[in-house]
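A, B, ... follow the sequence lines: proteins, then strands. Residue 1 opens every chain.
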Protein chains: 2
Amino acid sequence: MPGRNQQFVLDALTRSERPMGAYELLELLRQEGLRSPLQIYRALDRLIEEGLVHRIESLSAFALCVHSECTHGRAAFAICANCGRASEVHDPALERVLRRIARRQGFRTKSATVELSGLCEACAHR
Amino acid sequence: MPGRNQQFVLDALTRSERPMGAYELLELLRQEGLRSPLQIYRALDRLIEEGLVHRIESLSAFALCVHSECTHGRAAFAICANCGRASEVHDPALERVLRRIARRQGFRTKSATVELSGLCEACAHR
DNA sequence: TTGACGAACGTGATAACATAACATAACGGA
DNA sequence: TCCGTTATGTTATGTTATCACGTTCGTCAA
């Protein structure tokens, strides 16, 4: 039982082709009666806890998780500076390298942020 | 010739054990006569361009680059949620994996953000 | 049914982070 | 000197996120 606002936010992100900011979501969901940032942030917090949504730090934005069972916190993103799309990547080799880096310095990782910024294939070829 | 404000900011970050926010820097540098956020942000922008400072996305904060020769944009950070320290890591294997991920989808990477959040060794052992 | 409780929700104010727009000063070369 | 460029300063504003408080609603047990 996702909660009404969570469902609104989830639907909006599902329809969007790119990550959305909290205030962008708010604008969109005013139609549904949402009025304050906090309503959005609370919904996002829960969706993130449930692993359904990722926060993209370098955009201060939020994206649907495309991998139903991602251990949340182990996804990488390639974010196009031109078209704004963020493609989510799960890569075992990356996870191994990150674990090794942490291990070497006795670091106990709780979550990881991996974000590549640049041009996606479509935008690079023009 | 670094510019006066850049030098102030650089000195402040050098003295700090952990990444500092822009407004935190501002508070500190009021003693030196700095008055507005923009003075801080401009100095930070230049220091980042020169590769002397990194922006830590997940903290909205800034840290001195400890590797004089970092190709800027290829550093990883392990950030302790308890003590706030951020240790900078340069790892060839990580760079290879990130290049491979980008290559696989034809992504042209301009910069990369890699931030581990968790507990550092000292803070984990208590 | 009632009431106690917790989870979700609503609202206004405010905090924290960042930039726009415009003006002024400092410097170096033609 | 004149010009262009770079660094600087200041006010106002834009953007992102949270606090504090109160209300609604469903569930469960007496």
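A donor-acceptor pair under 3.5 Å is formed between the side chain of B:Arg18 and the backbone N or O of B:Cys83. Checking side-chain atoms of A:Glu88 against main-chain N and O of A:Val66 turns up a donor-acceptor pair under 3.5 Å. Remark: side-chain polar atoms of B:Glu115 are paired, donor with acceptor, to backbone N or O of B:Glu57 under 3.5 angstrom.
The salt bridge (charged side-chain N to carboxylate O under 4.0 Å, His left out) check on B:Glu95 picks up nothing, with sequence neighbours excluded. Partners of A:Arg15 by salt bridge (charged side-chain N to carboxylate O under 4.0 Å, His left out), not counting sequence neighbours: none found. In this view, B:Ala124 and A:Arg108, B:Leu119 satisfy the side-chain contact (heavy atoms from CB on, under 4.5 Å) rule, not counting sequence neighbours.
Among the nucleotides C:dT11, C:dC17, D:dT8, the one closest to any side-chain atom of B:Tyr41 is C:dC17. Side-chain proximity of B:Arg42 to D:dG9, C:dC9, C:dA18: nearest is D:dG9.
Contact check of residues 29-39 of chain B against DNA chain D (heavy atom, cut-off under 4.0 Å) returns B:Arg35, B:Ser36, B:Leu38, B:Gln39. Within residues 56-63 of chain A, no residue has any heavy atom closer than 4.0 Å to DNA chain C.
Applying the side-chain hydrogen bond (donor to acceptor under 3.5 Å, both in side chains) definition to pairs two or more places apart or across chains, those involving residues 20-33 of chain A are A:Glu27-A:Arg30.
When the C1' atom of C:dT11 is taken as reference, atom CD1 of A:Ile40 falls 14 Å away, rounded to whole Å. In this structure, CD of A:Glu24 is placed 9 Å from P of D:dT16, rounded to the nearest angstrom. Rounding to whole angstrom units, CG of residue A:Asp45 and C1' of C:dA7 are separated by 15 Å. One can place CG of A:Leu26 at 13 Å from C1' of D:dT15, the figure rounded to the nearest angstrom. Counting to the nearest Å, the P atom of D:dT15 and the CG atom of A:Leu25 are 16 Å from each other. Straight-line distance from the CG atom of B:Leu44 to the P atom of D:dA7: 15 Å, rounded to whole Å.
Remark: A:Arg104 CZ is packed, more than 12 non-hydrogen atoms of other residues, nucleotides or ligands lying under 6.0 Å away.
Listed pair B:Arg46 / D:dT8 meets the phosphate criterion, a side-chain N or O lying under 4.0 Å from OP1 or OP2. Considering only side-chain N and O atoms, A:Arg4 lies under 4.0 angstrom from the phosphate OP1 or OP2 of C:dG10.
In terms of hydrophobic clustering, with Ile, Leu, Val, Met, Phe, Trp and Tyr side chains grouped at heavy-atom distances under 4.5 Å, A:Val114 and A:Ile56 are assigned to different clusters.
Aromatic stacking is not marked for A:Tyr23 over D:dT15, as the cut-offs of 5.5 Å for the centres and 30° for the planes do not both hold.
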